[in-house]
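For ligands, and for the atoms within them, numbers begin at 1 and follow the listed sequence. Bear in mind that the values here come from a model prediction, so they are computed numbers and not experimental data. For reference, positions follow the sequence shown, starting with 1.
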Amino acid sequence: METDFPHIDTSKPHPARVYDYLLGGKDNYLVDRQLAEQLPEHTKRGCQLNRSFMHRAAAWSARLGTTQFLDIGTGIPTPPNLHQVVQEIHPSARVVYADNDPLVMRHAQALMFSTPDGATDYVETDVREPERILEHAQDFLDFSRPVALSLIALMHFIVEEDDPYGIVRTLVDALAPGSHLILTHGTYDFHPEIEEEFNRTYRGGGMPLQLRTRAQVERFFDGLDLVEPGVVEACRWYRDTPPPPYEKNMLYVGVAQV
Ligand SMILES: C[S@@+](CC[C@H](N)C(=O)[O-])C[C@H]1O[C@@H](n2cnc3c(N)ncnc32)[C@H](O)[C@@H]1O
């Protein structure tokens, strides 16, 4: 784990802290709360649906036998975190977390409470440097065996100029057959009326944001075997659990096998 003392700029909002506030957390500053309060009401619910999907998909992958996980864009820890979900199924599961927010780094201790048989690791880094993440993760995970890569509510912070599809391709290319890509992504497809307001709020806060259509989200899975039911709304994705109640929201989710 890298241990540079984190510098936190509290004059600008940050996605991790806005999300923390929307999930009901306390690790945020006035600027984050001010931005979050301007977002449409159902954004809050979307965050909860996103988190529930992450729990379902990670547990499903673990039940299929995955014991290694690489979670990028981890966020401020909100239990249960990914390692808690998967170590309940495989106490020996190993999880690498990565995020570019120094505040997440401050909470990395909470992410490091692994089962004695398993292990967790944290690296402060940017997904726009996928090679760096892989280099770090390779010391901790065995990439000759399946790894579940989770990019949960992350890629809509990566605008076209930063080559979001190329980034995901680089990460996926490092995965062995049988690995999984678990991804969620914001969309205006179901709420076109909020596009302008949403963009204005995030970009006004200095946060680049690029929500995408279903076809654009599907592109992240190009060349992979999309697991049924494909790229769908968060509450439409369940495999071995009862279906969650339907709720319209602004999130696409999908899982694919490498
Ligand atoms: C909306 S939160 C999602 C947190 C968690 N994955 C979840 O879904 O519960 C987005 C996270 O992505 C992180 N993030 C945003 N841009 C990033 C980047 N370029 N590289 C790495 N992490 C980034 C933020 O710091 C934040 O923690």
Side-chain angles (χ1 to χ4, degrees), residues 2 6-9 12-25 27-29 32 35-36 39 43-58 69-86 95-108 110-111 122-134 136-137 148-164 166-168 170-171 181-187 198 201-203 205-211 234 237 249-255:
E2 297 183 1
H7 169 73
I8 295 164
D9 181 352
K12 291 195 200 113
H14 191 284
R17 303 186 311 238
V18 172
Y19 183 73
D20 173 71
Y21 178 71
L22 291 168
L23 277 177
D27 296 300
N28 45 71
Y29 298 97
D32 307 304
L35 188 144
L39 294 171
T43 315
K44 215 174 254 182
R45 188 65 193 135
C47 294
Q48 292 159 356
L49 297 174
N50 175 59
R51 202 76 196 158
S52 309
F53 162 78
M54 182 274 274
H55 297 157
R56 288 197 297 283
F69 294 79
L70 173 56
D71 179 66
I72 309 176
T74 298
I76 292 164
T78 306
N81 292 294
L82 194 145
H83 71 282
Q84 292 161 318
V85 171
V86 299
V95 181
V96 174
Y97 290 112
D99 200 288
N100 75 342
D101 183 0
L103 191 65
V104 179
M105 180 77 189
R106 276 208 185 161
H107 288 274
L111 297 169
Y122 179 79
V123 56
E124 185 185 331
T125 186
D126 198 295
V127 72
R128 288 169 293 184
E129 297 181 289
E131 289 88 358
R132 212 184 133 221
I133 296 179
L134 290 170
H136 180 96
L149 167 66
S150 72
L151 305 175
I152 306 288
L154 170 68
M155 294 312 291
H156 45 237
F157 295 113
I158 309 301
V159 294
E160 298 311 315
E161 302 88 277
D162 287 329
D163 191 18
I167 290 170
V168 173
T170 301
L171 293 167
L181 169 62
I182 302 173
L183 181 141
T184 77
H185 200 293
T187 185
F198 211 79
T201 306
Y202 264 92
R203 291 180 190 151
M207 279 187 261
L209 184 75
Q210 174 108 45
L211 301 202
W237 201 101
N249 63 91
M250 42 189 307
L251 202 69
Y252 278 127
V253 308
V255 179

**Complete:** Quick note on ligand 1: atoms under 4.0 Å from a heavy atom of Ile158 include exactly 19 (N)
**Request:** Look at atom 7 (C) of ligand 1 and say which protein heavy atom is nearest, naming residue and atom and giving the distance to 0.1 Å.
**Result:** Tyr19 OH, 3.1 Å
**Prompt:** Between Thr74 and ligand 1, which part of the residue brings a heavy atom under 4.0 Å of the ligand: side chain, backbone, both or neither?
**Reply:** backbone
**Asked** To which protein heavy atom is atom 13 (C) of ligand 1 closest, and what is the distance rounded to 0.1 Å?
**Response** Asp99 OD2, 3.4 Å
**Request:** Could you tell me which residues satisfy side-chain contact (heavy atoms from CB on, under 4.5 Å) with Thr125, sequence neighbours excluded, listed by chain and number?
**Result:** Ala98, Val123, Glu129, Arg132, Ile133
**Item:** Closest protein heavy atom (residue, atom, distance) for atom 6 (N) of ligand 1
**Value:** Gly73 O, 2.6 Å
**Message:** Give me the atom names and distance for the closest heavy-atom approach of Val168 to Leu151.
**Reply:** CG2-CD1, 3.8 Å
**Complete:** Quick note on ligand 1: atoms under 4.0 Å from a heavy atom of Gly75 include exactly 4 (C), 27 (O)
**Asked** Asp27 versus Arg106: any side-chain heavy-atom pair under 4.5 Å?
**Response** no
**Complete:** So the atoms of ligand 1 within less than 4.0 Å of a heavy atom of Asp101 turn out to be 25 (O)
**Prompt:** Within the distance-only criterion (no hydrogens, no angle test), does the side chain of Asp99 pair as donor or acceptor with the backbone N or O of Thr74 below 3.5 angstrom?
**Reply:** yes
**Prompt:** Donor-acceptor pair, Thr184 side chain versus Ala153 backbone, under 3.5 Å?
**Reply:** yes
**Proximity of Asp126 to ligand 1 by residue part, where a heavy atom lies under 4.0 Å** = both
**Fill in**
Looking only at protein heavy atoms, what sits closest to atom 8 (O) of ligand 1 is Asn50 ND2, 2.8 Å
**Asked** Taking the non-hydrogen atoms of Met54, is any one of them nearer than 4.0 angstrom to ligand 1?
**Response** no
**Item:** Main-chain N/O of Tyr29 paired to Arg17 side chain as donor or acceptor, under 3.5 Å
**Value:** no
**Message:** Check whether Arg51 reaches the backbone of Leu23 with its side chain - one donor and one acceptor, N or O, closer than 3.5 Å.
**Reply:** no
**Message:** Between Asn81 and His83 (side chain of the first, backbone of the second, donor and acceptor by atom type, cut-off under 3.5 Å), is there such a pair?
**Reply:** no
**Message:** Once you measure the plane-to-plane angle for Tyr202 and Phe157, does it fall in the parallel (<30°), tilted (30-60°) or perpendicular (>60°) bin?
**Reply:** tilted
**Item:** Short side-chain to backbone donor-acceptor contact, Asp32 and His14, under 3.5 Å
**Value:** yes
**Request:** State whether the shortest distance between N or O atoms of Asp71 and N or O atoms of ligand 1 falls below 3.5 angstrom.
**Result:** no
**Message:** Within the 4.0 Å heavy-atom shell around Thr125, which atoms of ligand 1 are there?
**Reply:** 21 (C)
**Request:** Would you tell me which option among Asn100, Val104, Leu82, Ile133 has the nearest heavy-atom contact to atom 22 (N) of ligand 1?
**Result:** Asn100
**Item:** Protein heavy-atom partner closest to atom 20 (N) of ligand 1 - residue, atom, separation in Å
**Value:** Val127 N, 2.9 Å
**Fill in**
Among non-hydrogen protein atoms, atom 10 (C) of ligand 1 lies closest to Ala153 O, 3.4 Å
